[in-house]
Enquirer: 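Starting off with a structure, shown below.
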Amino acid sequence: MRLIFMGTPDFSVPVLEALVAAGHEIAAVYCQPPRPAGRGKKDRPTPVHAKAEALGLTVRHPVSLKSAEAQQEFADLNADAAVVVAYGLILPQAVLDAPKLGCLNIHASLLPRWRGAAPIHRAIMSGDAETGICIMQMEAGLDTGPVLLREATEIGAEETTGGLHDRLSEMGARMICSTLDQLPDLTAEVQPEEGVTYASKIDKAEAAIDWFKSADEISRQIRGLAPFPGAWTMHGEDRIKLLSARVVEGSGKAGHTLDDGFVVACGSGAVQVTRAQRAGKGAQDTEVFLRGHPLPKGTELG
């Protein structure tokens, strides 16, 4: 097929690679514009932009698709379909209608659960047993379109957003290729009205750990916010990001370590932190972290 690809972050890159490998013609790649990043604050192309250029593809990064000119440029590509995954701009109706077979979105949840911006984070933080990928025919509403293909996957007991993100990205890449192969024979299923939830953007205010919560809640918070923005706690004047954790046996005064191995008492139960990071340092497994920043039994955090 002749396709337009629309995506921006790392999550979208395996999808673009899979479409190219499957032999589809990519008429153009749309992504967010380069933005200042790093210490020098120089404009840095997005992951999709960089990959598209490496593949020799035409890249467009309009600030908006609302103008008649931008919409005409899109329509002039004469695409069979557009594949959209974490693009970052709202698509006007004229854009949705331009490709012959419409715009197909790869969404990282089991719709209608977790429509919106942060479905992977929210699934873990809410303790969902499973999530998945839906390939959706896009319409004007927020992730409201009918679903062409869906596949579920279990969320591991110690899985982080980072790990689940990578698994779902690969799933999406495989599934969109399957969808395009079957497209004339697939029947789109209208999403049910029951079970709708919204995955609002992650607010950095959600990252501070309240050790009086249960071990299960804190474990989900730590895993759901890893690697970004990273749940955190204080040790004296040092802020420590906690990037992986598991629920373990134990009880004690909330926020105090129960041993020398980073097991911390919660409001009920305890968690063992398995990966952490100090400000200005790299992330480390707990054994390595504690060599340079010991937290002996009875240390108060928070």
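If you read the sequence from its start, that first residue is 1, and numbering goes on from there. Just so it is clear, the model here is predicted, and its values are computed rather than measured.
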Enquirer: Measure the shortest side-chain to side-chain distance between L242 and T233 over non-hydrogen atoms and say whether it is less than 4.5 angstrom.
Expert: yes
Enquirer: When rounded to the nearest 0.5 angstrom, what distance separates CG in L295 from CG in L301?
Expert: 6.0 Å
Enquirer: Looking only at atom types and distance, does a side-chain atom of N105 sit under 3.5 Å from a main-chain N or O of M136, one as donor and one as acceptor?
Expert: no
Enquirer: How long is the span from the CZ atom in R2 to the NE2 atom in H24, to the nearest 0.5 Å?
Expert: 14.0 Å
Enquirer: Just wondering, do V48 and F5 contact through their side chains at under 4.5 Å, heavy atoms?
Expert: yes
Enquirer: What about V59 and F74, same hydrophobic cluster or not, with Ile/Leu/Val/Met/Phe/Trp/Tyr joined at side-chain heavy-atom distances under 4.5 Å?
Expert: no
Enquirer: Which heavy atom of P92 sits nearest a heavy atom of L65, and at what distance?
Expert: CG-O, 3.3 Å
Enquirer: Quick check for you: to the nearest 0.5 Å, what is the distance between E170 atom CD and H165 atom NE2?
Expert: 10.5 Å
Enquirer: Does T197 offer a backbone N or O that forms a donor-acceptor pair with the side chain of R122 under 3.5 Å?
Expert: no
Enquirer: Taking all non-hydrogen atoms of both residues, which atom of P119 and which atom of S109 are closest, and how far apart?
Expert: CB-CB, 3.9 Å
Enquirer: Holding to side-chain hydrogen bond (donor to acceptor under 3.5 Å, both in side chains), I want the full list of residues that pass it with S219, two or more places apart in sequence or in another chain.
Expert: R223
Enquirer: Please report the C-alpha distance between C134 and L149 in whole Å, then the side-chain angles of each, then the deciding distance to 0.1 Å, and finally whether the side chain to side chain contact (heavy atoms under 4.5 Å, CB included) criterion is met.
Expert: CA-CA 6 Å; C134 283; L149 201 66; over 6 Å; no
Enquirer: Quick one: CD on E25 to CG on L57, what's the gap to the nearest 0.5 Å?
Expert: 10.5 Å
Enquirer: Is there a side-chain contact between W232 and I240, using heavy atoms and a 4.5 Å cut-off?
Expert: no
Enquirer: Is there a continuous path of hydrophobic side-chain contacts, each under 4.5 Å between heavy atoms, that joins L243 to I124?
Expert: no
Enquirer: How about I90: does its CD1 atom have over 12 heavy atoms from other parts shown lying under 6.0 Å from it?
Expert: no
Enquirer: I need the minimum non-hydrogen distance between V196 and P192, along with the two atoms involved.
Expert: CG2-O, 4.1 Å
Enquirer: Could you tell me if the side chain of L104 sits less than 4.5 Å from the side chain of V84, heavy atoms only?
Expert: no
Enquirer: Donor-acceptor pair, distance only, cut-off 3.5 Å: does the side chain of T257 make one with the backbone of G298?
Expert: yes
Enquirer: For a side chain to side chain contact (heavy atoms under 4.5 Å, CB included) check, start with the C-alpha distance between T187 and L148, then their side-chain angles and the critical distance, and finish with the verdict.
Expert: CA-CA 6 Å; T187 301; L148 290 160; over 6 Å; no
Enquirer: Set out, in order, the CA-CA distance, both residues' side-chain angles and the distance that settles side-chain hydrogen bond (donor to acceptor under 3.5 Å, both in side chains) for D143 and W114, then state yes or no.
Expert: CA-CA 9 Å; D143 299 329; W114 301 131; over 6 Å; no
Enquirer: Provide the closest heavy-atom pair for A140 versus L96 in the form atom of the first, atom of the second, distance.
Expert: N-CD1, 3.8 Å
Enquirer: Does any non-hydrogen side-chain atom of L89 lie less than 4.5 Å from one of T8?
Expert: no
Enquirer: Begin from the C-alpha positions of W211 and H256 and carry the test side chain to side chain contact (heavy atoms under 4.5 Å, CB included) through to its verdict.
Expert: CA-CA 9 Å; W211 291 107; H256 287 67; over 6 Å; no
Enquirer: Locate the shortest heavy-atom distance separating V271 from A215; write the atom from each residue and the value.
Expert: CG1-O, 3.4 Å
Enquirer: Tell me whether E189 at atom CD has more than 12 heavy atoms from other residues, nucleotides or ligands lying less than 6.0 Å away.
Expert: no
Enquirer: Checking R60 against L77 for the side chain to side chain contact (heavy atoms under 4.5 Å, CB included) test, could you report, in this order, the C-alpha distance in whole Å, the side-chain angles of both residues, the deciding distance, and whether it holds?
Expert: CA-CA 12 Å; R60 296 179 178 177; L77 290 168; 3.6 Å; yes
Enquirer: Is there a path from I155 to I133 through hydrophobic residues (I, L, V, M, F, W, Y) whose side chains come within less than 4.5 Å of each other?
Expert: yes
Enquirer: With a 4.5 Å limit on heavy-atom distance, are the side chains of I4 and V83 in contact?
Expert: no
Enquirer: For G224, is there any backbone N or O sitting under 3.5 Å from a side-chain donor or acceptor partner on T161?
Expert: yes
Enquirer: Is the shortest heavy-atom distance from the side chain of S214 to the side chain of C266 under 4.5 Å?
Expert: no
Enquirer: Could you go step by step and tell me if K253 and E300 meet the salt bridge (charged side-chain N to carboxylate O under 4.0 Å, His left out) rule?
Expert: CA-CA 9 Å; K253 191 174 181 181; E300 182 177 3; over 6 Å; no
Enquirer: Report the C-alpha distance between T153 and R167 in whole Å, list the side-chain angles of each, state the deciding distance to 0.1 Å, and finish with yes or no for side-chain hydrogen bond (donor to acceptor under 3.5 Å, both in side chains).
Expert: CA-CA 9 Å; T153 184; R167 284 208 297 121; 2.7 Å; yes
Enquirer: Please confirm whether the backbone N or O of G145 pairs with a side-chain atom of Q191, one donor and one acceptor, at under 3.5 Å?
Expert: yes
Enquirer: Looking only at atom types and distance, does a side-chain atom of T179 sit under 3.5 Å from a main-chain N or O of M175, one as donor and one as acceptor?
Expert: yes
Enquirer: Give a yes or no answer on whether the side chain of D80 reaches the backbone of M1 with a donor-acceptor pair at less than 3.5 Å.
Expert: no
Enquirer: Check K281, Q277, R275 against K241 for a side-chain contact (heavy atoms from CB on, under 4.5 Å) and give me the one that passes.
Expert: Q277
Enquirer: I'd like to know if L19 and I106 are part of one continuous hydrophobic network [Ile/Leu/Val/Met/Phe/Trp/Tyr, side-chain heavy atoms within less than 4.5 Å].
Expert: yes
Enquirer: Could you give the distance from NE2 (H107) to CZ (R113), rounded to the nearest 0.5 Å?
Expert: 11.5 Å
Enquirer: Donor-acceptor pair, E217 side chain versus D210 backbone, under 3.5 Å?
Expert: no
Enquirer: Is Y30 reachable from V85 through a run of hydrophobic residues whose side-chain heavy atoms are each under 4.5 Å from the next?
Expert: no
Enquirer: Answer yes or no: is there a donor N or O on one side and an acceptor on the other, between the side chain of Q71 and the main chain of K66, under 3.5 Å?
Expert: yes
Enquirer: Would you find more than 12 non-hydrogen atoms of other residues, nucleotides or ligands less than 6.0 Å from E287 atom CD?
Expert: no
Enquirer: Quick one: hydrophobic cluster around V247, which other residues, with the 4.5 Å side-chain cut-off, linked directly or via members?
Expert: none
Enquirer: Please check: side-chain N/O of E73 versus main-chain N/O of A70, any donor-acceptor pairing under 3.5 Å?
Expert: no
Enquirer: Taking atom CZ of R44 as the centre, does the number of heavy atoms from other residues, nucleotides or ligands within less than 6.0 Å exceed 12?
Expert: no
Enquirer: Once rounded to the nearest 0.5 Å, what's the spacing between atom CE of M125 and atom CZ of R220?
Expert: 9.0 Å
Enquirer: If you compare all heavy atoms of G7 against all heavy atoms of C31, which two are closest, and at what distance to 0.1 Å?
Expert: O-CB, 3.0 Å
Enquirer: Do P146 and E139 touch side chain to side chain, with heavy atoms closer than 4.5 Å?
Expert: yes
